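In this text the structure is predicted, and so the values were computed from the model without any measurement. Order of appearance sets the numbers: ligands from 1, and atoms from 1 within every ligand.
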Amino acid sequence: MIAENTKRLMDSIREAAVKCGRNAEEIKLVAVSKTFGIDVIREAFDAGLRDFGENKAQELRDKASSIGYPVNWHYIGGLQSNKVKYVVGVASLIHSVDSMKLAQEIAARAERTGVVQPVLLEYKTSGEDTKGGIESKEELYQIAEFCRDYKSLLLRGLMTMAPFVDDEAVIRKSFSALRQIREEMINAGFAMAELSMGMTGDYEIAIEEGATILRIGTAIFGSR
Ligand SMILES: *Cc1c(COP(=O)(O)O)cnc(C)c1O
């Protein structure tokens with residue numbers, strides 16, 4: 001089932017990319033494997049997937065230490081201070097840096113363990129109370145500057161979650177806002193290639209709006 005789902009999804013991603021004149025090669029698929037076990041992740045690996053996303057620190061640590069396959073882990077969830085140690089140096093990319101405090105803690109941990117940790121800043125484009133993310137541009141720039149100045153962090157781009165609504169225009173607005181902010185930040189001198197946006201329900205819109213990383217679980221693994 002996972003192999004079929006993956007093939008169908010890859011075809012669909014390619015089609016959506018071609019339709020808006022983009023090269024599908026520049027769009028990375030992160031298979032969100034949260035709540036699924038090691039065997040399921042191995043099955044997805046055998047289907048050709050190499051990037052996996054987790055949203056709980058201990059779950060990431062446990063899976064990373066027991067998988068035995070060369071996968072790239074992505075951390076996409078909220079992260080508490082006392083759990084930073086489970087993620088830094090394990091995740092190839094942390095998508096969910098949403099406060100200065102967290103950026104500082106990741107930087108300190110990375111420095112202490114001698115790694116450079118790639119990160120994205122999670123920006124709140126939806127206005128919904130329930131989601132994490134940096135809420136003001138001022139704070140976004142402050143954290144970005146911190147990342148730029150701190151050698152143990154590598155700022156790679158921005159992440160967002162669109163609101164959970166049916167209105168396509170609302171979702172599109174959220175993604176295009178993130179793209180615009182990336183442009184502004186590039187013009188301000190930040191090197192930020194990545195836009196992590198798009199899930200099972202909205203990845204086609206995200207592709208149209210410039211996503212470089214999709215985080216997709218349900219379309220690959222089924223419902224959780
Ligand atoms: C669970 C999750 C996803 C994937 O959601 P699906 O709808 O299953 O594709 C993407 N991003 C984040 C931050 C998540 O927590």
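By the neighbour-count criterion of 12 heavy atoms within 6.0 Å, atom CD of E168 is sparsely surrounded, having that number or fewer from other residues, nucleotides or ligands. Atom CD of E15 has 12 or fewer neighbouring heavy atoms from other residues, nucleotides or ligands inside a 6.0 Å radius.
One finds a salt bridge joining K101 and E105 here, because a Lys/Arg side-chain nitrogen approaches an Asp/Glu carboxylate oxygen to under 4.0 Å. Between E184 and K137 there is a salt bridge, since a side-chain N of the basic residue sits under 4.0 Å from a carboxylate O of the acidic one. The pair D11-R8 does not count as a salt bridge, with every side-chain nitrogen at least 4.0 angstrom from each carboxylate oxygen.
If you check which protein heavy atom lies closest to atom 5 (O) of ligand 1, you get M199 CE, 3.4 Å. With respect to atom 9 (O) of ligand 1, the closest heavy atom belonging to the protein is T200 OG1, 2.5 Å. Remark: minimum distance from atom 1 (C) of ligand 1 to any protein heavy atom is reached at K34 NZ, 1.5 Å.
Of all atoms in ligand 1, numbered sequentially from 1 with element shown, those under 4.0 Å from a heavy atom of R215 are 4 (C), 9 (O), 10 (C), 11 (N), 12 (C), 13 (C). Which parts of ligand 1 touch T218 is read off a 4.0 Å heavy-atom cut-off, strictly below it: atoms 6 (P), 7 (O), 8 (O), 9 (O). Each of the following atoms of ligand 1 lies closer than 4.0 Å to a heavy atom of I216: 9 (O).
If you look at R224 next to ligand 1, the close heavy atoms, those under 4.0 Å, all belong to the side chain.
The closest non-hydrogen atom to atom 13 (C) of ligand 1, taken over I76, V32, L9, L214, comes from I76.
Contact of the L60 side chain with the Y86 side chain is not registered, since no non-hydrogen atoms from C-beta on lie closer than 4.5 Å. For the pair K56 and K34, the minimum side-chain heavy-atom distance is 4.5 Å or more.
Below 3.5 Å of separation, one finds an N or O of G217 facing an N or O of ligand 1.
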